[in-house]
Amino acid sequence: MKVFRLGSDARAFRTASAAASIGFVPTMGALHDGHASLIERAVREHDLAVVSIFVNPTQFAPHEDFAAYPRDEAADLAMCERIGAAMVFAPAVDEIYPLGDATRVRPGPISERLEGSARPGHFVGVATVLTKLFSIVRPDVAYFGQKDFQQLRVVQTMSRDLGLGVGVVGCPTVREPDGLAMSSRNRYLSADERRNALALSAALFAAQDDWSRGQRDPTNLRDGVKRAAAVPGVALEYVSVADPLTLDELARPAERALISLAARVGRTRLIDNVLVGMKLEEIA
Ligand code: PAF
């Protein structure tokens with residue numbers, strides 16, 4: 001497995017393997033089994049799998065956890081090698097944002113609700129770094145987890161709108177046996193907080209059950225999630241029942257929905273979602 005720090009080396013690797021199909025998994029490191037499932041899929045479906053490890057400063061607001069974000073490059077590289085990645089691109093910040101860097105990619109309205117409104121500027125940072133990484137790695141397909149569903153839709157829309165020629169594929173959220181969605185930020189949770197955080201996935205699974213029993217009213221679905229997640233130590237930021245493609249909040253019953261939430265558990269901000277009435281593979 002090659003490990004490159006410079007964009008020029010990663011580009012040269014791509015140029016030298018021009019005939020190969022490349023599956024790409026962009027990450028911020030602190031890899032867990034959710035990332036492993038993305039890398040495994042890239043390895044399975046392509047000649048070569050490439051992983052990037054880069055904690056992207058432009059997608060964090062000044063008060064967020066950029067400095068504290070977990071970093072464990074040795075463990076990350078070991079995982080990539082074990083799964084069979086051909087190349088890891090792990091640049092320093094000034095390789096991606098050299099002195100004088102000023103260009104930003106501003107995604108459209110799909111980036112403005114939910115996480116976009118809770119974290120202003122976040123998706124500009126995500127779209128900008130992915131545009132840079134896609135132009136270096138030139139993948140055929142890039143893989144993203146369903147847990148960051150809005151990110152998946154923002155990147156699909158960006159790739160289509162800018163004609164980047166990168167297929168953007170969503171992969172199911174990987175969960176702990178007790179239901180907690182895997183996230184690098186779970187490392188911040190104390191044992192008590194981790195127990196409290198289980199209310200989030202439990203509330204979403206209950207909404208999924210309501211849906212399968214025929215509940216379609218978005219207000220009832222939202223209220224059900226709010227009630228189920230109202231446990232001590234969990235501060236809900238939002239609960240959304242939205243169209244899965246546009247992420248417009250549903251006002252009337254619909255045949256498909258993304259039920260999502262964001263919450264603070266202690267100082268840790270967590271997000272999670274379930275998709276109902278539609279399969280993840282249909283999201284493109
Ligand atoms: O989901 C992430 O880890 C990041 O947002 C990404 C896609 C690697 C861009 O920095």
Side-chain angles (χ1 to χ4, degrees), residues 7 10 22-39 41-42 49-61 64-73 75-77 79-80 85 87-93 95-97 101 104-107 110-111 114-116 118-137 139 141-159 162 164 166-174 181-188 260 262 268-273 280 283:
I22 301 246
F24 179 40
V25 182
T27 80
M28 297 206 299
L31 303 183
H32 49 67
D33 286 355
H35 296 110
S37 75
L38 305 180
I39 302 168
R41 187 150 170 203
V50 171
V51 178
S52 63
I53 298 174
F54 180 65
V55 185
N56 174 35
T58 63
Q59 68 189 76
F60 292 80
E64 291 182 341
D65 56 343
F66 171 70
Y69 197 83
R71 290 160 170 89
D72 188 350
E73 193 185 83
D76 292 346
L77 293 177
M79 177 189 279
C80 293
M87 189 263 271
V88 173
F89 179 45
V93 170
E95 181 65 11
I96 297 296
Y97 298 106
D101 167 272
R104 294 291 174 269
V105 178
R106 188 174 61 80
I110 196 161
S111 71
L114 304 174
E115 287 303 284
R119 304 180 66 191
H122 171 68
F123 285 119
V124 171
V126 170
T128 300
V129 78
L130 289 174
T131 303
K132 289 172 183 259
L133 293 171
F134 285 179
S135 96
I136 293 168
V137 175
V141 175
Y143 296 90
F144 294 85
Q146 180 187 334
K147 186 180 73 67
D148 296 290
F149 189 93
Q150 188 177 13
Q151 169 170 276
L152 168 69
R153 290 295 300 135
V154 166
V155 183
Q156 286 178 329
T157 309
M158 175 182 88
S159 183
L162 299 182
L164 299 181
V166 177
V168 177
V169 170
C171 303
T173 302
V174 177
M182 288 198 183
S183 163
S184 305
R185 291 190 168 97
N186 290 352
R187 299 179 189 205
Y188 299 149
S260 66
T268 306
R269 188 171 183 280
L270 299 175
I271 58 174
D272 198 357
N273 66 75
L280 185 59
I283 304 284

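All ligand and atom numbering here is 1-based and tracks the order in the structure.
When all heavy atoms of Asp65 and Tyr188 are compared, the closest pair comes out as OD2-OH, 2.9 Å.
The shortest N or O to N or O distance between Gln59 and ligand 1 is under 3.5 Å. Considering backbone and side-chain N/O of Asn56, none are found under 3.5 Å from N/O of ligand 1.
Of all protein heavy atoms, the one closest to atom 3 (O) of ligand 1 is Met28 CG, 3.5 Å.
Partners of Tyr97 according to the side chain to side chain donor-acceptor pair (under 3.5 Å) rule, which considers only residues two or more places apart in sequence or in another chain, are Asn56, Thr58.
Residue contacts with ligand 1 for Thr27 involve N, CA, C or O but no side-chain atom from C-beta outward (heavy atoms, distance under 4.0 Å).
Side chain of Glu95 to backbone of Gly7: a donor-acceptor contact under 3.5 angstrom is found.
By the 6.0 Å and 45° rule, Arg71 stacks over the aromatic ring of Phe66.
Listed by number with element, the atoms of ligand 1 under 4.0 angstrom from any heavy atom of Val129 are 9 (C), 10 (O). Under a 4.0 Å criterion applied to the non-hydrogen atoms of Gln151, ligand 1 contributes the atoms 1 (O), 2 (C), 4 (C), 5 (O), 7 (C). Of all atoms in ligand 1, listed by their number and element, those nearer than 4.0 Å to a heavy atom of Pro26 are 8 (C).
Annotation: Arg106, atom CZ; neighbour count of heavy atoms from other residues, nucleotides and ligands within 6.0 Å does not exceed 12.
Between Arg153 and Gln150 there is no side-chain heavy-atom pair separated by less than 4.5 Å.
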